[in-house]
There are 2 protein chains.
Amino acid sequence: MTETRLTEKTAGIRDVAARAGVSQTTVSHVLNATPHTRVSEETAARVRVAAEELGYRPNRLARGLRTQASEMIGLLTEEIATTPHAGRIILGAQEEASRHNLTLAIINSELNPDPEVPPVQVQAFLDRQVDGIIYATVYHDEIVAPENLSARPAVLIGARDSSGILPAVLPDERAGAVAVVEMLVARGHRRIAFAASAEDVPATRGRLGGYLEAMAAAGLPTEGLVAEGSSDARGGYTATNALLDAGPTALFCYNDRMAMGAYRAAGECGLSIPGDLSVVGFDDQAPIPESLFPPLTTVALPHYEMGAWAVDALYAVVSGSGERATSFAPTLLPCPLVERESVAAPRA
Amino acid sequence: MTETRLTEKTAGIRDVAARAGVSQTTVSHVLNATPHTRVSEETAARVRVAAEELGYRPNRLARGLRTQASEMIGLLTEEIATTPHAGRIILGAQEEASRHNLTLAIINSELNPDPEVPPVQVQAFLDRQVDGIIYATVYHDEIVAPENLSARPAVLIGARDSSGILPAVLPDERAGAVAVVEMLVARGHRRIAFAASAEDVPATRGRLGGYLEAMAAAGLPTEGLVAEGSSDARGGYTATNALLDAGPTALFCYNDRMAMGAYRAAGECGLSIPGDLSVVGFDDQAPIPESLFPPLTTVALPHYEMGAWAVDALYAVVSGSGERATSFAPTLLPCPLVERESVAAPRA
DNA sequence: CTGAAAGCGCTTACAG
DNA sequence: CTGAAAGCGCTTACAG
């Protein structure tokens with residue numbers, strides 16, 4: 001009873017060889033199209049037919065053991081649960097992995113306070129003989145990577161390695177913020193306020209920095225136009241109320257959640273968006289932008305792209321097609337502006 | 001230059017055996033604590049020390065090949081990108097997998113219209129010799145599972161199999177909706193409206209059905225208290241406006257996005273929440289509930305739990321500790337009510 | 001209580 | 001152009 005399933009023996013390379021009347025060697029050569037190996041087209045055809053008829057699928061576990069390449073890459077996400085967009089990192093990594101015929105294994109980890117202790121999660125991947133490891137952290141900008149990470153090629157997402165030895169990819173938040181201001185200025189705004197986050201995380205500095213930089217570049221004042229709040233709707237509400245006195249025509253919020261609070265604050269003051277006040281968010285955090293009235297113009301984080309980039313970077317090393325970590329500067333991926341309906345020219 | 005990394009040869013079971021002065025067999029027995037095998041404590045200790053000193057980690061690829069069990073399970077998600085909560089399914093599955101020393105591999109698939117064609121994604125898992133497959137779909141309630149899925153133990157998340165042969169786990173949306181109405185009734189509400197979704201998906205039927213059922217059970221009227229809208233903020237806005245004339249004291253929305261629209265509609269009519277109108281959502285879709293003023297009472301979907309349940313179900317089969325699919329009824333997991341601040345007793 | 005040997009299903013020098 | 005044989009790193013009857 002228990003072996004009903006076990007009887008479904010699947011065909012092995014041996015079966016294909018027997019059916020085609022050739023050796024396993026030959027089967028392997030034709031199916032893998034081994035370079036520098038000539039097999040007569042006739043024989044090759046026979047092998048392919050046999051494989052087809054038997055529904056032969058190479059056992060990749062066996063293959064991996066022999067070639068010392070599992071064709072598997074491990075994605076270690078830090079606190080995926082709490083970061084809304086982590087799913088897109090996974091998606092980008094997975095799709096890119098499939099493109100290279102790689103399989104993506106996933107492990108989530110809690111925030112790891114002590115970099116000295118090698119995470120068991122990394123060890124779990126190493127035990128699996130993964131060809132490479134992606135470590136995705138979303139909160140820090142610089143981390144000291146767990147040392148056992150380097151047992152395999154590894155790349156970082158969302159953080160740069162303090163030793164500067166690991167390739168890393170990060171969102172270019174500063175440039176994203178600059179683009180927002182430039183767009184607003186192009187639309188005719190001059191009094192552009194910024195609702196900043198009180199949290200001290202890299203994103204805070206990058207976005208505020210980009211705003212300040214672009215305002216300065218445009219020769220626009222910022223005094224009295226920056227207020228802080230918690231990085232949620234409540235904080236956006238508070239910051240907006242503090243900012244409205246300064247009479248801004250546009251309000252750039254640290255993130256979409258704060259923008260939600262800004263909408264409410266504006267509504268309470270009888271200000272219509274974008275007629276009386278243009279509002280821009282950051283994160284493109286579903287489902288906020290689409291759910292607001294009017295839909296929120298914001299800037300998207302390149303989560304999918306970072307996931308795909310990381311797999312590509314690993315693939316380049318693993319497949320030998322790329323150099324190993326030649327540069328120490330992390331790669332910055334653009335944060336595209338996604339325009340919806342919360343921005344208009346200021347009232348004349 | 002290219003082999004700098006390759007020289008870091010990691011210790012194998014052979015090295016441990018040599019160092020401990022025993023055979024590989026013995027090493028394997030003590031490290032795996034093979035049942036029915038007695039090894040003197042003295043020898044065992046020597047082995048453990050040697051393994052420790054060498055930092056020996058068994059190669060799980062090799063182990064899997066030999067034991068015919070990859071200890072890997074594959075999670076196939078359908079359109080993860082578009083479903084906001086899919087991340088929690090992955091998290092639940094991953095953590096439960098780790099608990100059983102299983103590794104979770106992930107592949108995402110597009111919506112598959114034709115069940116006849118065996119998805120390549122399933123094949124990719126089979127090639128990897130996964131011990132089991134989880135197929136997570138979030139939109140359908142009944143699907144005809146791809147046939148190659150049955151090459152391994154498989155379980156479904158979010159859909160029941162039309163053949164009734166695969167174990168399946170689904171959220172008990174109906175019970176969740178019933179709980180909402182009961183809570184509202186207990187708080188003293190009698191005119192409870194429902195903002196329904198115009199989409200014809202299982203969730204629509206389950207939630208509306210639960211509402212109707214509970215209202216009937218409480219002997220409360222529903223005529224004129226149900227309106228439809230698209231299942232987004234805009235639809236919630238529309239439906240709410242249509243419903244307000246009926247003078248409900250509480251409004252139960254199909255989902256949180258519609259609730260967002262309801263908040264706006266209520267605000268425009270000068271109705272305060274929950275003072276003039278209690279509002280309840282469904283989905284607990286971050287970041288909406290926490291971002292609304294006041295925070296939204298809603299019901300959560302058991303995504304994490306379904307992911308964990310699926311892995312457990314697979315583990316039971318794979319480890320032989322459980323019977324194989326004895327029941328044909330899908331398992332319904334509870335959708336917990338999460339109370340925040342959008343509900344109050346109706347004004348006297 | 002311990003070990004020699006076979007074998008999981010492949011790939012890959014090497015030989016012919 | 002094709003094949004015999006070794007070996008990837010383990011586990012597991014089987015024997016002693």
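Proteins come first, then strands; the chains are lettered A, B, ... in the order of their sequence lines, and each starts at number 1. Please read all numbers here as calculations on a predicted model, not as lab measurements.
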**Report entry** Base-paired stems in DNA chain C, each at least three Watson-Crick or G-U pairs under 3.5 Å
**Finding:** C:1-3 with D:14-16, C:5-12 with D:5-12, C:14-16 with D:1-3
Query raised in the report: Between Ser40(B) and dT2(C), does any side-chain N or O lie under 4.0 Å from OP1 or OP2?
Result: yes
Requested in this report: Rounded off to whole Å, could you give me the CG-to-P distance for the Asp15(B) and dC8(D) pair?
Outcome: 11 Å
Query raised in the report: Between Gln129(A) and dC8(D), is there a side-chain N or O to OP1/OP2 distance below 4.0 Å?
Result: no
Query raised in the report: For Ser98(B) and Gln94(B), does a side-chain donor sit closer than 3.5 Å to a side-chain acceptor?
Result: yes
Query raised in the report: Are the side chains of Pro167(A) and Thr331(A) in touch, meaning some heavy atoms are under 4.5 Å apart?
Result: no
Query - Between P of dC8(C) and CG of Leu65(A), the distance in whole Å - result: 13 Å
Requested in this report: Answer yes or no: does a side-chain N or O of Thr43(A) lie under 4.0 Å from OP1 or OP2 of dT2(D)?
Outcome: yes
Requested in this report: Using a strict cut-off of less than 4.0 Å between a Lys/Arg side-chain nitrogen and an Asp/Glu carboxylate oxygen, indicate whether Arg99(B) and Glu95(B) qualify as a salt bridge.
Outcome: yes
Query raised in the report: Are the side chain of Asn59(B) and the backbone N or O of Leu61(B) linked by a donor-acceptor pair below 3.5 Å?
Result: yes
Requested in this report: Return yes if some donor-acceptor pair links the side-chain N/O of Arg60(B) with the main-chain N/O of Arg128(A) below 3.5 Å, else return no.
Outcome: no
Query - Separation of dG9(D) P from Leu54(B) CG (nearest whole Å) - result: 14 Å
Requested in this report: Give a yes or no on whether a salt bridge exists between Arg48(B) and Glu53(B), defined as a side-chain N under 4.0 angstrom from a carboxylate O.
Outcome: no
Query - Contact pattern, 5' to 3', of nucleotides 10-16 of chain C - B, S or - by protein heavy atom under 4.0 Å - result: BBBB---
Query raised in the report: Quick one: does Val155(A)'s side chain get under 4.5 Å of Leu166(A)'s, heavy atoms only?
Result: no
Query - Main-chain N/O of Tyr315(A) paired to Ser319(A) side chain as donor or acceptor, under 3.5 Å - result: yes
**Report entry** Lys/Arg-Asp/Glu bridge criterion (N-O < 4.0 Å) met for Arg63(A), Glu71(A)
**Finding:** yes
Query raised in the report: Once you round it to whole Å, what is the distance between C1' of dT2(C) and CZ of Arg46(B)?
Result: 11 Å
Query raised in the report: Is Thr26(B) near enough to dG3(C) that one of its side-chain N or O atoms lies under 4.0 angstrom from OP1 or OP2?
Result: yes
